[in-house]
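Each ligand, and each atom within it, is numbered from 1 in the order the structure gives.
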Amino acid sequence: MNPVLSSSAREKQSENNSEIPFFDQSDTFRRLWPEIRENCGRVLDDGKFSHGSMVEEFERELERWTGARHVVGVNSGTDALVLLLRAAGLRPGDEVIVPAYTFVATATAVVHAGGVPVFADIEPHGHGIDPRSVERAITERTRAVMPVHLFDRLADMEGVGEVARAHGLTVLEDSAEAIGMRSDGRHAGLLGAGGVLSFFPAKTLGAVGDAGALLTDDDAIAETARMIRHHGRSGRTLADFPGISNPTVVTGCNSKMDDLQAAVLLTKLAHLDADIERRAELSRRYDERLRGLPGVRAVPGGAPRIPGQERVIYVHLIEVDGRDALAAHLAAAGIGTEVYYPRPLHLQPCFSHLGHRPGDLPRAEEVCRSALALPLHADLTDAQVDRVCDEIERFLTGGTR
Ligand SMILES: *Cc1c(COP(=O)(O)O)cnc(C)c1O
């Protein structure tokens, strides 16, 4: 599509086109294009596409925005998790407790870092790891616990922290989705030893390709992660590959962030507060229409308010009876949805060797059957939200189209 389409031509186009994709980055890109072009131009004019100054500029700006002592830019949220686990000193065979209801990378990162994921259930009325289930999963090999902040709110960090302290576990956060979420002013990822951010295009702060970052207040973790992302070296010289003082982390990899991605992210970061506010507005609009409809069991706005917690609606996820039929109805009406997540990790074929059976982690399994994510991004219009709600209401109240 033409990025410089006039706004009236655009309105006409969207009126004629009633399809509402689950996610669409093109409007955001058009809105910010002049600024993005300028920052990308700086990278291209400079001629330094790797090891340029843009990644550093973005890292410092994100440190300011999050309050993190260190931001280490890498090439994806998944790599950020692997680097975080390795830099935090995970040893081969160490067990890391993770929720069974999350994106697969939470658990595969543990495997890539040489550890063993151990699955725990999620809270009865939320999507975060259940501290009581964490306690039950602890063995003499448990080294760390990695809560995940999914969709719109933080996991129960107080509950997890208590269990971790009692058993001497390191707390690392999969805060890939949690940019802007804070507890008593502390940003997600800084509530334990370290965390990550993903800048996958569909995330709240999305790049135009893959990118991620590690966040920590711990100097040693940051320094180690900076070395690992760059073949294990600290400078630019090819003479020395010192390895890392932790004996199990001797090798580096190549996981640098691209300067062009940093240029896009730096531009979008300046608009992030406004985008987050717009997401909240759209989410409230959904909630007003959908809460209380027959079959709707949970909406984001129904979650209990936790004092001191700043939420960010990354995904507007509802729990609803007959989820698959509703998703099919919406698809037929030209409305995209996403199932986060269709299958809990303890029942995924790639983890079958861990020996789990259906029924082991019932809340995770139940949410996989009822969760449906609705279209949400900062450039979605009120009218689009209304149309999605009309279709959902029509379906749930048995009205005919
Ligand atoms: C997106 C995501 C990741 C992975 O991030 P990528 O940048 O896609 O590698 C990890 N964990 C969670 C919970 C995520 O949502």
Side-chain angles (χ1 to χ4, degrees), residues 22-23 25 55 58 62 71-86 96-113 115 117 119-120 122-123 126-129 144-155 157 160 171-181 188-189 191-192 194-215 225 229 253-258 261-262 264-265 268 279 311-317 338-345 348 350-351 364 367-368 371 373 376-377:
F22 173 67
F23 177 73
Q25 201 177 233
V55 170
F58 173 63
L62 193 57
V71 167
V72 182
V74 294
N75 70 7
S76 71
T78 304
D79 267 20
L81 285 171
V82 178
L83 267 60
L84 174 65
L85 287 155
R86 292 181 69 194
V96 180
I97 300 174
V98 298
Y101 179 68
T102 175
F103 184 54
V104 69
T106 310
T108 53
V110 173
V111 178
H112 284 300
F119 295 111
I122 57 170
E123 295 170 286
H127 303 127
I129 199 164
V145 53
M146 191 152 70
V148 185
H149 310 304
L150 285 180
F151 312 136
D152 58 27
R153 71 197 98 142
L154 295 169
M157 294 305 288
V160 168
V171 178
L172 302 169
E173 299 165 77
D174 181 347
S175 43
E177 302 184 359
I179 195 159
M181 297 188 199
L191 304 169
V196 303
L197 290 172
S198 164
F199 307 119
F200 180 73
K203 295 284 192 327
T204 304
L205 178 63
V208 290
D210 282 301
L214 184 153
L215 307 183
R229 76 171 166 182
C253 59
N254 178 8
S255 182
K256 298 188 290 294
M257 181 185 275
D258 285 335
Q261 296 301 346
V264 173
L265 291 166
K268 292 179 80 178
R279 284 170 174 272
R311 296 175 58 182
V312 171
I313 314 286
Y314 157 57
V315 167
H316 187 94
L317 181 127
E338 194 68 63
V339 171
Y340 293 130
Y341 296 94
R343 199 197 283 217
L345 296 189
Q348 287 285 356
C350 61
F351 293 119
V367 179
C368 287
L376 186 78
H377 55 87

Practice problem: Tell me which protein heavy atom sits closest to atom 13 (C) of ligand 1, plus the residue, atom name and distance to 0.1 Å. | Solution: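 Nearest protein contact, heavy atoms only, for atom 13 (C) of ligand 1 is Asp174 OD2, 3.5 Å.
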Quiz item: Can you tell me the protein heavy atom closest to atom 9 (O) of ligand 1 and the distance?
Solution: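 So the nearest neighbour among protein heavy atoms is Thr78 OG1, 2.5 Å.
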Quiz prompt | Value rounded to 0.5 Å, distance of CZ in Arg153 from NE2 in His127 | solution =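 If I round to the nearest 0.5 Å, the distance is 5.5 Å.
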Closest approach of [X] and [Y], non-hydrogen atoms and distance?
X	Y	result
Phe23	Leu376	CD1-O, 4.5 Å
Ser175	Leu197	O-CD2, 3.5 Å
Cys253	Leu83	SG-CD1, 4.2 Å

Quiz item: What are the atoms of ligand 1, with element, lying closer than 4.0 Å to any heavy atom of Ala176?
Solution: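 Once the distances to Ala176 are compared, the set is 2 (C), 3 (C), 10 (C), 11 (N), 12 (C), 14 (C).
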Self-check item: Atoms in ligand 1 with a heavy atom of Val148 nearer than 4.0 Å
Solution: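 It comes down to these atoms of ligand 1: 13 (C).
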Practice problem: Can you spot which of Val74, Asp174, Leu215, Val196 makes a side chain to side chain contact (heavy atoms under 4.5 Å, CB included) with Leu84? | Solution: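 It is Val196; the other options fail the test.
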Between ligand 1 and [X], is the shortest N or O to N or O distance under 3.5 Å?
X	answer
Tyr341	no
Lys203	yes
Glu177	yes
Gly77	yes

Quiz item: Are Phe103 and Phe200 close enough that some pair of their side-chain heavy atoms sits under 4.5 Å apart?
Solution: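 Side-chain contact under 4.5 Å: no.
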Exercise. May I ask you to test the Met157-His149 pair for a side-chain heavy-atom distance under 4.5 Å?
Key: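 Met157 vs His149: side chains touch.
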Practice problem: Tell me which one of Phe151, Phe200, Phe199 gets a heavy atom nearest to atom 8 (O) of ligand 1. | Solution: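 Among Phe151, Phe200, Phe199, the closest heavy atom to atom 8 (O) of ligand 1 comes from Phe200.
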